[in-house]
Amino acid sequence: MDIVESVLNLAVQNPAEEDFSAADLTWTKFGTAEHHDEVALIPYDRVDAFIIGECSNPECPTRFHIERGRKRARGTLKDYKTDEYLEYKLYWCSFGPENYGEGGGVLPSRKYRLNTRNRAARPQSMRGCTCHFVVKRLYARPSQALIIYNERRHVNKSGFVCHGPLDRDAIGPGAKKIPYICNEIQQQTMSMIYLGIPEENVLEKHIEGIQRYCGSNPKVNSLASQYVHKLGMIIKRSTHELDLDDQASIRMWVERNKKSIFFYQDSLESDAFILGIQTEWQLQQMIRFGHRSLIAADSTFGIKRLKYPLCTLLVFDSRQHALPVAWIITRSSAKPDVAKWMKALLGRASSVEPGWKISGFLIDDAAAEIDPIRDIFGCPVLFSLWRVRRSWLRNIVKKCGNIEVQREIFKRLGEIVYSIWGGVDTLSALEELTHDLVDQTAFIQYFKASWVPKIEMWLSTMRALPLASQEASGAIEAYHVKLKAKLFDDSHLGALQRVDWLVHKLTTELHSSYWLDRYADESDSFQNVKEEYIASTSWHRALQIPNSSVTVDDKDHLFAKVSSQKDNNVTRIVWNPGSEFAFCDCAWSLQGNLCKHVIKVNMICENREGYQPSMSFRAFKELLTSLWKKPMDDSVGLDLSIAWAHQMLDQIKHLVELDSSKTIGTVVNNMPLKWVSKKGRTSIGIPSSVLALPSSSKSGSNNAVARKKSQKRKRLSRLR
């Protein structure tokens, strides 16, 4: 085919059909030998007919949307080429390209993914299609349009057909007829199927969702029924084994799900296996709830039973429940390996929200590497006692048959932990404990083998780091219990040594469970799911117990009684009240969990005299005391300490004000105005130790005005 260098040499084509497509046109190479495109010239008033014809392609039915457009007025160009445009529009297939699993990328004009309404006829199918063309309304001849087809095939970057009846992954050849289904509806339907909800209930909720877009229609209902049924069949038939070899199966999964991977390092002689998983929804939740807040780690899950231990990063949502936002599967806890995936995770969050930053990182393992956390996230590290408490209590109940002995051992171990601020010799305290419990052979053997060699390391960590609250510890433990119930079901015991099975369970059942919990709470739907979600932590269950149901022994402080709300004849006894190591005789506590009765009793005791404060408050008090004692002379160090303390006091005051106020309006009304500059007036919080100085630089103000004008021009160009 010869290359044409001028539009004047192209013939105008006007097919007789009402709607026509690229197959009805003769395409010519236009440009130079180094760079040329396939083009066709048609009347401008037939452009819509061409687009309709392209959308009606029987092999790949689709819709095209305008991805980018520009206009210029007549008379603005004095000198122009024959192919200069009066109007320029880039049309892109609505099934592309946001499918990283097939090598796709973000559309050219976007620096981020739009989370609003999807463009596709089947919005759940962002399948990486690269088909796109340009329509130029010619400047010299406005009645004609030059069509430049950049990619005519409906394929992804790997060259595979990615939608329509020829797509191997499509939900049947009739999928093109399915009505509008947004991401939210599809995720809701998939979550309900993964959680085993009956198909009739899934279909009912699915139809309710799509009727918000297309109204009530018998045909829509019939198509929706087919869609739910076929989607359910696909999910039930899906398998975690993409290959008989586990390592090869994981490589295939990673290649198909690049969008949900933030770090991957294959197992080699010099490198440890590391797989970091984070879905788009988890990334959104991490940015939303983790910014200026806390991230916690449930580390070393399944260290004895899984092929590779699982570490989960958690944020605390609007109800302070632990929400998984990333999973890291690896056996390596070496500092370089930890730093690799932490940098990748922070980089991913910063690419979406450049100012994203956390205020603290909670760890539950004394052997965890702290330096990468401080270096990469630049935040304080806190320590949670939940893992120590749970391990001790479970083994006490398991290895000691007498309940009186159980509560005495648990109390003595708690006293050893509380002694980190009293200067008590740990070894002497342990020797005394083993001597007094010489008849409890099973527990003493376990404790000497598992804890005595490393207990000094754990106590040193508790002494060096601030301690997390019972609410945070209870939320992390609630996630741990749910994860254990999902993974260690008896029906899955044969698959525990396969990583692909673990990845499949995390990204399907567990992910769907938490997505549905959050959706039910925020949309006020699925009332049963919402109620179970709210009551999923012991802290929230404790808040439902009235103070009148708690009776405390104020004389000797030995125990407290909690009356049952369901049965007035049932009373739970909590021994050693006011301590994190309180012992309750309820079934949930005897399984090693932090129960609602212990939390409620500790809430009551913290406001009474004669009871020791919680360990988290004690650690906070010690931190402030050490800060106050640091500068002993009248030096600059004293000034710096005063500045830090004042800044901390301001932040705490703001947090207390926000927490105690019923509406944000109360806080806003109390905010005084601070005049920064004539054009920069703003309302900020109560004056802090950081002063805001007015800008006196004329060049600085000019730069700010220039930036505003530049941003305004960019916005206007996008609208055109």
Side-chain angles (χ1 to χ4, degrees), residues 194 240-241 246-247 249-251 253-254 257 260-267 271-279 281-283 285-286 290 295-315 321-335 337-342 344-345 348 361-369 372-373 384 386-388 390-391 394 473 475-515 592:
Y194 277 124
H240 61 274
E241 291 188 3
D246 186 41
Q247 194 170 8
S249 180
I250 279 296
R251 291 195 191 104
W253 186 90
V254 169
N257 297 273
S260 299
I261 304 296
F262 71 87
F263 185 81
Y264 175 64
Q265 178 176 281
D266 206 349
S267 178
D271 296 328
F273 175 83
I274 305 174
L275 176 59
I277 304 172
Q278 185 182 60
T279 65
W281 178 77
Q282 286 180 307
L283 175 61
Q285 304 310 304
M286 187 178 77
I295 282 185
D298 174 17
S299 56
T300 64
F301 177 88
I303 194 170
K304 296 179 180 178
R305 303 178 69 178
L306 298 176
K307 183 178 181 180
Y308 293 106
L310 171 66
C311 174
T312 306
L313 296 188
L314 307 159
V315 294
H321 290 15
L323 186 67
V325 292
W327 292 296
I328 301 92
I329 304 173
T330 182
R331 189 179 288 117
S332 175
S333 58
K335 189 181 298 184
D337 290 332
V338 174
K340 287 178 185 177
W341 63 258
M342 282 191 175
L345 184 68
R348 192 180 197 207
F361 197 106
L362 274 67
I363 63 172
D364 60 359
D365 185 4
E369 290 290 349
I373 300 174
S384 175
W386 80 270
R387 187 177 293 277
V388 180
R390 178 181 175 83
S391 178
R394 282 172 60 85
S473 298
I476 300 171
E477 185 181 73
Y479 166 78
H480 181 87
V481 171
K482 184 173 182 177
L483 177 64
K484 189 173 182 180
K486 289 284 185 184
L487 295 186
F488 292 160
D489 186 2
D490 292 341
S491 61
H492 303 133
L493 295 180
L496 295 179
Q497 289 300 309
R498 288 190 65 100
V499 181
D500 55 2
W501 168 84
L502 175 60
V503 170
H504 182 75
K505 292 287 286 186
L506 293 175
T507 55
T508 55
E509 292 185 28
L510 194 66
H511 184 276
S512 298
S513 174
Y514 278 97
W515 185 93

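The first residue in the sequence is number 1, and the count goes up from there.
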**Ser513-Lys486 side chain donor-acceptor pair, cut-off 3.5 Å** = no
**Request:** Applying side chain to side chain donor-acceptor pair (under 3.5 Å), name anything that partners Ser512, two or more places apart in sequence or on another chain.
**Result:** none
**Message:** Please enumerate all residues that pass side chain to side chain donor-acceptor pair (under 3.5 Å) together with Asp246, with sequence neighbours excluded.
**Reply:** Lys307
**Request:** State which residues pass salt bridge (charged side-chain N to carboxylate O under 4.0 Å, His left out) with Arg348; sequence neighbours excluded, sorted by chain then number.
**Result:** none
**Item:** Validation row: Arg387, Thr300 side chains within 4.5 angstrom (heavy atoms)
**Value:** yes
**Item:** Those residues that, when tested against Thr507, pass side chain to side chain donor-acceptor pair (under 3.5 Å) (two or more places apart)
**Value:** none
**Message:** I'd like to check the side-chain contact (heavy atoms from CB on, under 4.5 Å) partners of Asp271; sequence neighbours left out, ordered by chain and number.
**Reply:** Gln265, Leu268, Lys340
**Asked** Taking only residues two or more places apart in sequence or in another chain, which ones pass side-chain contact (heavy atoms from CB on, under 4.5 Å) with Thr508?
**Response** Tyr194, His504
**Request:** Side-chain contact test, heavy atoms from C-beta onward, threshold under 4.5 Å: evaluate it for Val325 versus Tyr514 and give yes or no.
**Result:** no
**Message:** Restricting to ring pair (Phe, Tyr, Trp, His ring centres under 6.0 Å), what partner residues turn up for Trp341, sequence neighbours left out?
**Reply:** none
**Message:** If the condition is side-chain contact (heavy atoms from CB on, under 4.5 Å), which residues does Lys484 pass it with, not counting sequence neighbours?
**Reply:** Phe301, Arg390, Arg394, Phe488
**Prompt:** Is Ile373 close to Ile363 at the side-chain level, that is, under 4.5 Å between some pair of heavy atoms?
**Reply:** yes
**Asked** For Ser332, which residues count as a side chain to side chain donor-acceptor pair (under 3.5 Å) partner, sequence neighbours excluded?
**Response** Asp337
**Complete:** By ring pair (Phe, Tyr, Trp, His ring centres under 6.0 Å), Tyr308 pairs with (sequence neighbours left out) Phe273
**Request:** Answer whether the closest heavy-atom distance between the side chains of Trp515 and Gln285 falls below 4.5 Å.
**Result:** no
**Prompt:** Excluding sequence neighbours, so at least two apart, what forms side-chain contact (heavy atoms from CB on, under 4.5 Å) with Pro309?
**Reply:** Ile303, Arg331
**Asked** Do Trp327 and Leu510 have side chains that get closer than 4.5 Å, going by heavy atoms?
**Response** yes
**Asked** Under a 4.5 Å cut-off applied to non-hydrogen side-chain atoms, are Leu506 and Leu310 in contact?
**Response** yes
